Protein chains: 2
Amino acid sequence: MEHRIEQIKKQLHAHSYKLTPQREATVRVLLEREEDHLSAEDVYLLVKEKSPEIGLATVYRTLELLSELKVVDKINFGDGVSRYDLRKEGAKHFHHHLVCIECGSVEEIVNDLLEDVERIVQNEWGFEVKDHRLTFHGICKQCQAATVKAT
Amino acid sequence: MEHRIEQIKKQLHAHSYKLTPQREATVRVLLEREEDHLSAEDVYLLVKEKSPEIGLATVYRTLELLSELKVVDKINFGDGVSRYDLRKEGAKHFHHHLVCIECGSVEEIVNDLLEDVERIVQNEWGFEVKDHRLTFHGICKQCQAATVKAT
DNA sequence: TTTTTAATTTATAATTAATATAATTAAAAG
DNA sequence: CTTTTAATTATATTAATTATAAATTAAAAA
């Protein structure tokens, strides 16, 4: 944890940004809830528990900044809010998501499944891929089991 | 065009919705601008040109409805607005997008490039895929050419 | 360490996208 | 033709996000 904070601090400094206590508190929340997909509001409430003086706008600005630095990725699952997802350490690409249309759960896929597809896009469309967003909508294992039981 | 309107009319009726003049005007705009990725506001302004009495809320409701019927897909490219993209006739899945981070252009890929990936997700994660969203971010052909020229 | 300075935060206010409400209108069914 | 139901309009409202100006502070320089 401390290691990653130190790392992010360096990234900030490299772009002549400061690591303020507010920013650090925000990053800590993101690290603690790495598996989740928090909205700005969610992050704000969690940061507030430990640093009650922080303002919502600061959290928004910090998340935007971290997004710029590619520390987090901003995603949108179709409800009205942006969510912020920490990149895995050293990951070149954004990871994928499985969104269950029954229960709303979000699972992550860290493996890069798109290497072949990106090659095709590159060669056949002449498009230089820098990053991707891939989300599958469907029914998760748990909900499938529940459906079978119910019948 | 008339054929597709007729088809959408049937779909509406099948769910006991009506094809009102406002809805038809909205669908016509979507058909005319099939290649574009219009926001609700965009659609509203275009519909207004021909049917000035229409209200913004009606356009929103219509788009929501069409989205429910899978006539259009609601997408979000990361700017704050939802965009509405007409499904290709009879397409089972949503098509893919190439978003250029230089010029902002959006290209469409109709081919389904994800068959293999979906099979993997199905088998290895036990997730029943119903639909997907795939967007590549990168540099389009035109911008690549422009960069080479500039150097 | 102290000073300096540019970056940052705070505390609003303002925007913008989207949705809800109540009254009115239009359409379909009997 | 009358009744019933669905849809639209014209607001008003909510919710998410961004902008602004004054006050504060982290970090580089003296």
Side-chain angles (χ1 to χ4, degrees), chain A residues 5-6 8-29 37-48 50-69 71-85, chain B residues 8-29 37-48 50-69 71-85:
Chain A
I5 296 213
E6 204 47 47
I8 290 167
K9 186 175 181 176
K10 275 182 199 147
Q11 281 187 74
L12 284 166
H13 285 168
H15 294 80
S16 57
Y17 294 123
K18 299 169 185 173
L19 181 66
T20 63
Q22 292 89 338
R23 284 180 183 166
E24 186 173 337
T26 305
V27 170
R28 277 183 193 281
V29 163
H37 301 85
L38 304 171
S39 67
E41 187 83 31
D42 294 337
V43 174
Y44 170 64
L45 292 173
L46 288 166
V47 174
K48 235 176 139 69
K50 292 180 184 168
S51 317
E53 22 20 277
I54 202 167
L56 177 58
T58 301
V59 172
Y60 267 103
R61 260 180 285 109
T62 301
L63 291 170
E64 199 54 45
L65 181 58
L66 293 173
S67 197
E68 227 173 79
L69 297 178
V71 171
V72 300
D73 284 295
K74 197 173 173 179
I75 27 168
N76 198 298
F77 290 133
D79 54 346
V81 279
S82 295
R83 296 177 181 281
Y84 297 86
D85 203 354
Chain B
I8 290 166
K9 185 175 183 176
K10 275 182 199 148
Q11 280 187 73
L12 284 165
H13 285 166
H15 294 79
S16 59
Y17 294 121
K18 300 170 186 170
L19 181 66
T20 63
Q22 292 88 338
R23 285 179 183 167
E24 185 173 335
T26 305
V27 169
R28 277 183 193 279
V29 163
H37 301 84
L38 304 171
S39 67
E41 187 82 32
D42 294 338
V43 174
Y44 170 64
L45 292 173
L46 288 166
V47 175
K48 235 177 137 72
K50 292 179 182 166
S51 317
E53 34 359 292
I54 202 166
L56 177 58
T58 302
V59 172
Y60 267 102
R61 261 180 284 107
T62 302
L63 291 171
E64 199 54 47
L65 181 58
L66 293 174
S67 194
E68 226 174 81
L69 297 179
V71 172
V72 299
D73 283 296
K74 199 174 174 177
I75 26 167
N76 198 298
F77 290 133
D79 53 347
V81 279
S82 296
R83 298 178 178 282
Y84 297 86
D85 203 356

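All values reported here derive from a predicted model rather than from experimental measurement. Residue numbering restarts at 1 for every chain, and letters A, B, ... go by the order of the sequence lines.
- The two residues A:His15 and A:Leu69 have their closest heavy-atom pair at ND1-CD2, 3.5 Å.
- Relative to the side chain of B:Ser82, the nucleotides C:dT9, C:dA18, C:dA27 differ in distance, and C:dA18 lies closest.
- Distance A:Gln22 CD to C:dA11 P: 11 Å, rounded to the nearest Å.
- Among the atoms of the strands shown, base atoms are found under 4.0 Å from some heavy atom of B:Thr58.
- Put simply, OH on A:Tyr60 is 12 Å from C1' on C:dT16, counting in whole angstrom units.
- The OH atom of B:Tyr17 sits 17 Å away from the C1' atom of C:dA27 (whole-angstrom rounding).
- More than 12 heavy atoms of other residues, nucleotides or ligands sit less than 6.0 Å from atom NZ of A:Lys48.
- Between chain A and DNA chain D, the heavy-atom contact criterion of under 4.0 Å yields a 5' to 3' nucleotide range of D:dA16 to D:dA27.
- Counting to the nearest Å, the P atom of C:dA11 and the CD atom of A:Glu53 are 9 Å from each other.
- Looking at which nucleotide of DNA chain C each of B:Arg61 and B:Asn76 is closest to, the 5′-most match is held by B:Asn76.
- We find that A:Glu6 and A:Lys10 are not joined by a salt bridge, their nearest charged nitrogen and carboxylate oxygen being 4.0 Å or further apart.
- Evaluation of the side chain to side chain contact (heavy atoms under 4.5 Å, CB included) rule for B:Asp73 yields B:Arg87, B:Phe94, B:Asp131, B:Arg133 as partners, not counting sequence neighbours.
- A heavy-atom distance below 4.5 Å is not found between the side chains of B:Tyr84 and B:Leu66.
- Here the straight-line distance linking atom NZ of B:Lys74 with atom CD of B:Glu64 works out to 4.0 Å at 0.5 Å rounding.
- Look at CG on A:Leu63: it is 15 Å from P on C:dT8, rounded to the nearest Å.
- Contacts of B:Ser39 with the nucleic acid, taken as non-hydrogen atoms under 4.0 Å apart, are absent.
- Following rounding to the nearest Å, A:His15 (NE2) and C:dA7 (P) show an atom-to-atom distance of 14 Å.
- Out of C:dT12, C:dA7, C:dA28, the shortest distance to the side chain of A:Ala57 is found at C:dT12.
- If you run side chain to side chain contact (heavy atoms under 4.5 Å, CB included) between B:Thr58 and each of B:Gln22, B:Arg23, B:Glu53, only B:Gln22 comes through.
- Using a 4.0 Å heavy-atom distance criterion, B:Leu56 is classed as making no nucleic acid contact.
- Distance A:Leu12 CG to C:dA7 P: 14 Å, rounded to the nearest Å.
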